[in-house]
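The structure appears right after this line, and notes come after that.
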Amino acid sequence: CTTNKERMEREMATLYKLTEEYLELLDLLEDDSVDQEVVNDTLEGVGGEIEVKADNCAKLIQELNGSVSTLDAEIDRLEKGCTYKQCTEP
């Protein structure tokens with residue numbers, strides 16, 4: 001079973017790798033022997049991958065923040081010593 005922390009670390013490592021690839025491709029732009037169309041296509045592909053990974057990281061962070069809020073509410077309920085129904089009724 002993968003923990004949220006492990007998933008985030010794996011996701012971030014991928015972002016670092018994609019960033020590294022992106023920087024390598026930028027170096028290709030300075031090389032006149034490389035076909036510009038190939039460089040453009042590759043940059044577009046890597047850029048899209050980075051955007052997807054960044055979106056996934058943002059979603060994971062939102063999920064973790066929601067989990068923290070849920071846990072905080074449960075801790076508060078338990079500290080009050082009441083049942084879920086008692087603590088949630090208006």
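Note: hydrogens, waters and symmetry copies are ignored here, and every other heavy atom, side chains too, is used.
At a threshold of 4.5 Å between side-chain heavy atoms, the hydrophobic network of Ile, Leu, Val, Met, Phe, Trp and Tyr places Ile75 and Leu64 in two separate groups.
The side-chain contact (heavy atoms from CB on, under 4.5 Å) test applied to Gln36 returns Leu29, Asn40, not counting sequence neighbours. With sequence neighbours excluded, the residues that form a side-chain contact (heavy atoms from CB on, under 4.5 Å) with Asp35 are Glu37, Val38. For Ser33, the side chain to side chain donor-acceptor pair (under 3.5 Å) partners at least two apart in sequence or on another chain are Asp31.
With values rounded to the nearest 0.5 angstrom, Leu71 atom CG is found 10.5 Å from Leu78 atom CG. Atom OG1 of Thr70 and atom CG of Asn65 lie 10.5 Å apart (nearest 0.5 Å).
In summary, Asp55 and Lys59 do not engage in a salt bridge, as defined by a charged side-chain N under 4.0 Å from a carboxylate O.
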